Peer 1: 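Take a look at this one; I'll ask things after.
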Number of protein chains: 2
Amino acid sequence: MEHNPESCMLDKTLNVIVGKWKLAILHLLFQGTKRFSELQHGIPDITKKVLTAHLRELEEDDIIKRIVYAEVPPRVEYSLTEYGYSLQPTLQSLQEWGSNHAEHMRSKRERQSSTKFPDDQPAVSVE
Amino acid sequence: MEHNPESCMLDKTLNVIVGKWKLAILHLLFQGTKRFSELQHGIPDITKKVLTAHLRELEEDDIIKRIVYAEVPPRVEYSLTEYGYSLQPTLQSLQEWGSNHAEHMRSKRERQSSTKFPDDQPAVSVE
DNA sequence: CCGTATCCGTGGCGATACTG
DNA sequence: CAGTATCGCCACGGATACGG
């Protein structure tokens, strides 16, 4: 699906962490082991189906591990694998850039709204 | 859409770089200024519509700039903004993790396929 | 408690044709 | 050359009900 090796490797990383709630899940698991229900309560808007699906994908990518305790009522605990922790620096880099980006866009918007004439933003063009 | 600040900032970054061809576009533009048609030829499978859409989004996020030359036939050049270059370290981090991940999954698959019995992978469970 | 099964809505993307 | 306009598909995710 991709031709040049760099973009390809980048895509592989994104495939692991992209998903509507994957970052929220990882965020919780970086805090420590969590049961299924703890994850669900930690992310109030997620449904069980999607939570399960995301957890299976992360497990498939060896980022998290799933331990089923043979008890009644059932107990299932999720935690990061040792390998999963290797994501941390990369995620931190993303987070830092995101923070900076939020600030960048905010100050950009300020500059725009402070212009006296709403339509004095000429399209960039050259003759 | 997200509650805790870290995941939220992470999401902001992802929103900028996620898109089927955005990384490919950025990869080309990191090489230097490119015309619309150069981008299109550099990414053979992309359609003009989607290329345009992605470029507009990147422009909206202040990652790239678009310069229209008032000529016939028309010429439009795209290039990274100064701010756009600030993505580079983060993208490199993603790329490196992706490379490592590809290797990790490869060696994991090897270990699996070398097991004598196909179904001797017990589900992780504890009593 | 921890899921699976089913149905369905939406948005990202593709294909194709047209335009200044 | 550098787009826009239309139409259509399909994977992702949401809602709800059921099951071990």
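Computed from a prediction, not measured in an experiment: that's the story for all the values here. Proteins get letters first, then strands, A, B, ... in listed order; numbering begins at 1 in each.
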Peer 1: Measuring from the side chain of A/W21 (C-beta onward, heavy atoms only), which nucleotide among D/dG3, D/dG14, D/dC1 has the closest atom?
Peer 2: D/dG14

Peer 1: Go through C/dG3, C/dC1, D/dC1 for me and flag the one nearest to the B/P74 side chain.
Peer 2: D/dC1

Peer 1: Might you confirm whether atom NZ of B/K12 has over 12 heavy atoms from other residues, nucleotides or ligands at distances under 6.0 Å?
Peer 2: no

Peer 1: Give the rounded distance in Å between these two atoms: CD of B/Q40 and P of C/dC13.
Peer 2: 16 Å

Peer 1: Rounded to whole Å, please give me the gap between CZ in B/R75 and P in D/dG3.
Peer 2: 13 Å

Peer 1: Can you see if the side chain of B/R35 gets near the phosphate of D/dC1 - specifically, an N or O under 4.0 Å from OP1 or OP2?
Peer 2: no

Peer 1: In terms of hydrophobic clusters joined by side-chain contacts under 4.5 Å, are B/V18 and A/M9 together?
Peer 2: no

Peer 1: So B/T52 and B/F36, do their side chains get closer than 4.5 Å, heavy atoms only?
Peer 2: yes

Peer 1: Can you measure B/I46 atom CD1 to C/dG12 atom C1' for me and round it to whole angstrom units?
Peer 2: 12 Å

Peer 1: State, yes or no, whether a side-chain contact exists between A/L94 and A/Q92 at a heavy-atom distance under 4.5 Å.
Peer 2: no

Peer 1: B/K20 NZ to C/dG12 C1': how many Å, rounded?
Peer 2: 10 Å

Peer 1: Send over the distance from B/D45 CG to C/dA15 C1', rounded to a whole Å.
Peer 2: 13 Å

Peer 1: From CD of B/E71 over to P of D/dA2, roughly how many Å is that when rounded to an integer?
Peer 2: 10 Å

Peer 1: Taking atom types as they are modelled, would you say the side chain of B/K48 forms a donor-acceptor pair with the base of D/dG3 within the 3.5 Å cutoff?
Peer 2: yes

Peer 1: Listed in order of residue number, which residues of residues 49-65 of chain B have a non-hydrogen atom at under 4.0 Å from DNA chain C?
Peer 2: B/K49, B/V50, B/H54

Peer 1: Salt-bridge test for B/E110 and B/K108: reply yes if a basic N is under 4.0 Å from a carboxylate O, no otherwise.
Peer 2: no

Peer 1: A/T47 has a side chain; which of C/dC1, C/dC2, D/dG14 sits nearest to it?
Peer 2: D/dG14

Peer 1: Under a 4.0 Å N-O cut-off, is there an ion pair linking B/E38 with B/R35?
Peer 2: no

Peer 1: For B/W97 together with A/Y85, are the ring centres under 6.0 Å from each other?
Peer 2: no

Peer 1: Let me know the distance between CD of A/E77 and P of C/dC1, rounded to the nearest Å.
Peer 2: 14 Å

Peer 1: Whole angstrom is fine here: how far is it from CZ in A/F36 over to P in C/dC2?
Peer 2: 7 Å

